[in-house]
Each structure stands twice: as C-alpha cells, then as structure tokens.
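If you're wondering where the values come from, they're calculated on a predicted model, not measured in any experiment. Just so you know, ligand 1 is whichever comes first in the structure, and atom 1 is the first atom listed for that ligand.
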Amino acid sequence: MAASCASTLPSLSFVSSSSSNSPRRFRRSRVVAMASVGQKVYAPGVAVSEGNGGLPKIDLKSPHGSEAEIYLFGACVTSFKVPNGKNLLFVRPDAVFNGQKPISSGGIPHCFPQFGPGPMQQHGFARNVNWSIADSEVTEGDPAVTLELKDDSYSRSMWDFSFQALYKVSLHSTSLSTTLKITNMDDKPFSFNSALHTYFRASIAGVSVKGLKGCKTLNKDPDPKNPLEGKEEREGVTFPGFVDCIYLGAPSQLILDNGLGDKIAISNSSWSDAVLWNPHQQMEACYKDFVCVENAKIETVQLEPKQSWVAEQKIELV
Ligand SMILES: O=P(O)(O)OC[C@H]1O[C@@H](O)[C@H](O)[C@@H](O)[C@@H]1O
C-alpha cells in the first residue's frame with residue numbers, strides 16, 4: 001500500500017496552508033523551498049540534491065538496489081540504474097545543464113505540447129522549464145515522486161491555455177514507471193501531442209527493436225516536414241544508418257535489444273504511437289552509444305475543460 005510521506009519540516013514562515021488531511025501534503029512552494037536548503041522532507045528513498053550545473057535533482061533509491069535521477073528542469077529522468085549498477089539510459093556528451101536550454105540530449109525528455117515540427121519550438125516547452133515537486137510516496141519500499149507543471153506567461157506566449165501536467169516517476173527493482181496526466185484547466189478546449197523522448201544506452205550495431213511489424217510508418221528521413229508514408233515489414237528494426245521514423249498505432253509493448261546484452265521491455269498505455277531515432281553520422285561523437293525509442297502520441301489529443309489524458313510508460317529489464 002502506498003504511503004504519502006509525512007513531513008519532518010521545521011516550522012517555516014513560507015510553509016503553505018495545505019491541511020494535514022490533504023491528499024497532497026506537499027504543496028509545491030513548500031517543497032521547492034525546502035529543496036533549496038537541502039533538508040530531507042520526502043518519502044523514504046526520495047531525496048533532493050544538487051546535480052550538474054547546480055540544478056536540483058531528485059534521487060530515487062529502492063531497497064532492491066535500483067536508482068534513478070530526475071532533474072526538476074524539464075522533469076527529465078537522466079539516469080535509471082538497475083541493481084547490478086547498469087544505467088539503462090544515456091545522456092549525450094553535449095547535454096547542457098544550465099537551466100536555460102533543455103537537457104534534451106539524454107535520459108527521458110518530455111515533448112509537450114507539441115512533438116514537432118510545428119508552430120512552436122521543436123518538441124514544445126515542457127522540457128525547458130522548471131517543474132515542481134507535488135508529492136512523494138513509498139509503496140512497499142519502492143519510492144515515487146510526482147512533479148507538476150502549470151501554465152505561466154512563458155508557456156502562454158506559445159500556447160495560450162491553462163493546463164496542469166502531473167508526472168509521476170516510480171522506481172522498482174528492475175523497472176521504472178512514469179505516468180503523465182494532462183488536465184485542461186481552461187474554459188475552452190485545447191489539443192496537443194506529446195512524447196517521452198527516451199534515450200537508451202546501446203551499442204547501435206547490435207540494436208534491434210521488436211514489435212513494430214505491420215505498423216503504419218511516417219518516415220521523417222529525408223524531410224521531417226513531409227514524412228513518407230509506409231508500412232513496417234521487419235520483425236526487428238535495426239539501425240545501420242540514420243533513422244527518424246514515426247510508427248502509428250504501435251503496440252503496448254516493444255522489446256529493445258540494446259546490443260549490450262540486455263533486453264528491455266518498453267510497455268505503455270495510451271502512448272499509442274512510437275518514434276525511433278538515431279542520428280548516425282550527424283552526431284559522430286556518440287551515435288554508436290544510444291538509441292531513442294520514444295513512446296509518443298502523435299495523433300492529436302483534444303481535451304475539453306476539466307478533462308484529463310493519462311499515459312503510462314514502463315521500462316523493464318527482462
Ligand atoms: O535534438 P532534438 O530537438 O531533441 O530532437 C532530436 C530528434 O528527436 C526525434 O524525436 C525527432 O523525430 C527528430 O526529428 C529529432 O531530430
């Protein structure tokens with residue numbers, strides 16, 4: 001059974017007025033403020049520390065020996081280590097941790113509210129803004145944290161809607177689950193598309209992705225703005241060169257062989273599409289070391305006022 005973390009906060013003048021029986025005991029102003037002074041007020045296995053570039057990150061540690069790191073900037077999971085110490089995720093060497101540009105070059109960056117290309121900046125704004133901590137909890141020893149993003153003047157300058165995004169990251173012994181919930185807080189409908197742009201550590205020559213045979217494809221190579229329609233005929237997709245392809249109607253589970261001796265099940269609910277990407281020679285320094293297998297919602301989601309959309313992803317070493 002899940003238990004929300006009980007606060008051990010000293011009394012502080014800026015503590016929010018949330019009541020003790022509120023389902024979300026940690027309101028974001030309170031937790032972000034505490035994070036900045038480095039005090040431990042979270043559920044067991046959840047801590048805040050200073051990451052690269054001095055940016056705050058959340059460290060999740062399970063009693064089984066698995067670990068994960070999530071930056072508040074972009075709500076970007078940058079590391080997921082299974083108990084043998086292997087990190088299943090990859091961060092490119094050119095990743096920037098300066099709180100200005102997205103840490104989009106690794107881990108699990110968000111693409112929201114636009115996958116792109118489109119009228120907004122590539123992959124939307126959620127990956128290059130600070131999220132806040134809404135809650136932390138522990139379930140049978142497994143820690144989880146929920147991050148929150150709401151509209152502000154920056155988001156409204158690109159996408160003039162009131163919304164709430166809640167992103168729960170749960171760590172288990174050999175798996176990491178994420179749940180993204182988007183709610184329309186506006187009084188008019190809005191639409192969006194989205195993806196989790198996951199970078200997996202890999203040895204690209206040995207990589208294959210199974211489960212996509214029969215899917216309709218939109219190949220963004222050579223022109224991302226005019227993708228070529230097709231159908232995937234292969235049991236296992238390999239990466240002998242540049243790959244940038246959308247798969248519509250992808251199944252609820254893909255199996256990634258990362259070429260490093262690991263098989264990873266990538267499961268989802270509601271992420272109805274998938275994207276495979278490897279830049280090949282365009283990123284000569286690192287393309288051999290990763291592959292992006294992205295759970296995506298390319299076909300537009302429309303939400304009426306007060307409606308929510310929820311999508312889950314699970315990455316599991318099998
Ligand atoms: O460098 P970015 O903005 O993170 O995007 C990387 C790639 O992300 C993929 O998801 C897109 O399909 C590609 O077209 C894009 O080039």
Side-chain angles (χ1 to χ4, degrees), residues 52 70-71 73-78 89-129 131 155 158-159 178 180 192-202 204 207 209 212 215-230 232 237-250 254 256 266 268 271-301 311 313 315:
N52 290 330
I70 308 125
Y71 278 76
F73 188 70
C76 188
V77 180
T78 53
L89 301 179
F90 180 78
V91 176
R92 280 172 20 205
D94 59 320
V96 179
F97 291 84
N98 65 2
Q100 305 297 320
K101 292 187 175 171
I103 312 171
S104 58
S105 327
I108 313 182
H110 286 269
C111 305
F112 175 82
Q114 170 193 283
F115 178 68
M120 220 176 287
Q121 56 186 266
Q122 166 82 336
H123 294 331
F125 53 76
R127 65 180 185 167
N128 58 330
V129 289
W131 294 51
S155 70
M158 286 168 270
W159 197 60
T178 65
L180 179 64
F192 64 91
N193 50 32
S194 185
L196 294 177
H197 195 308
T198 310
Y199 283 71
F200 290 94
R201 187 174 298 277
I204 198 71
V207 170
V209 178
L212 292 165
C215 290
K216 182 177 171 187
T217 54
L218 295 175
N219 196 342
K220 292 170 81 180
D221 180 28
D223 180 2
K225 290 189 176 151
N226 293 296
L228 298 168
E229 288 189 21
E232 183 55 74
V237 179
T238 54
F239 295 77
F242 180 85
V243 173
D244 188 2
C245 192
I246 292 170
Y247 290 81
L248 297 177
L254 301 178
L256 166 66
I266 306 164
N268 83 86
W271 289 112
S272 56
D273 311 311
V275 181
L276 300 184
W277 180 65
N278 180 272
H280 205 58
Q281 299 286 355
Q282 287 179 8
M283 291 184 188
E284 210 178 339
C286 61
Y287 80 91
K288 291 179 184 156
D289 302 325
F290 76 89
V291 64
C292 285
V293 182
E294 307 168 34
N295 271 316
K297 187 77 184 171
I298 302 298
E299 291 185 340
T300 302
V301 179
Q313 166 171 280
I315 295 168

Engineer: Hey, could you give me the OG1/CG distance between T78 and L89, rounded to the nearest 0.5 Å?
Structural biologist: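 One finds 8.0 Å between OG1 of T78 and CG of L89.
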Engineer: Relative to the ring of W159, is the ring of F125 parallel (under 30°), tilted (30 to 60°) or perpendicular (over 60°)?
Structural biologist: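 The rings of F125 and W159 sit tilted, inter-plane angle from 30° to 60°.
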Engineer: Under the side chain to side chain contact (heavy atoms under 4.5 Å, CB included) test against L276, which residue among V243, T217, V207 passes?
Structural biologist: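 Answer to the side chain to side chain contact (heavy atoms under 4.5 Å, CB included) test with L276 among V243, T217, V207: V243.
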Engineer: Could you work out, for atom 3 (O) of ligand 1, the closest of H197, Q121, R127 by heavy-atom distance?
Structural biologist: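 Going through H197, Q121, R127 one by one, R127 has the nearest heavy atom to atom 3 (O) of ligand 1.
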Engineer: Is M283 near ligand 1, meaning one of its heavy atoms is under 4.0 Å from it?
Structural biologist: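 Checking ligand 1 against M283, which is what was asked, there is no heavy-atom contact under 4.0 Å.
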Engineer: Ignoring hydrogens, what is the shortest heavy-atom contact between I70 and A75? Give both atom names and the distance.
Structural biologist: CG2-C, 4.0 Å
Engineer: Ignoring angles and geometry beyond distance, decide whether K220 reaches within less than 3.5 Å of ligand 1 through its nitrogen or oxygen atoms.
Structural biologist: yes
Engineer: Which of the numbered atoms in ligand 1 are below 4.0 angstrom from a heavy atom of E294?
Structural biologist: 9 (C), 10 (O)
Engineer: Pull out every atom of ligand 1 sitting under 4.0 Å from any heavy atom of D244, numbered as shown with elements.
Structural biologist: 11 (C), 12 (O), 13 (C), 14 (O)
Engineer: Name every donor-acceptor pair, under 3.5 Å, that has one atom in a side chain of residues 115-122 and the other anywhere in the protein, sequence neighbours excluded.
Structural biologist:
{"residue": "Q121", "atom": "OE1", "partner": "N128", "partner atom": "ND2", "Å": "3.1"}
{"residue": "Q121", "atom": "NE2", "partner": "Y154", "partner atom": "OH", "Å": "3.3"}

Engineer: Below the 3.5 angstrom mark, is there an N/O of R92, backbone or side chain, next to an N/O of ligand 1?
Structural biologist: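 So ligand 1 has no N or O lying under 3.5 Å from an N or O of R92.
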Engineer: Would you mind listing which atoms of ligand 1 come within a distance below 4.0 Å of any non-hydrogen atom of F115?
Structural biologist: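 In order of number, 10 (O), 12 (O).
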Engineer: Show me the side-chain donor-acceptor pairs of residues 279-299 shorter than 3.5 Å, one per line, residues at least two apart or across chains.
Structural biologist:
{"residue": "N295", "atom": "ND2", "partner": "Q313", "partner atom": "OE1", "Å": "2.7"}
{"residue": "K297", "atom": "NZ", "partner": "S272", "partner atom": "OG", "Å": "3.1"}

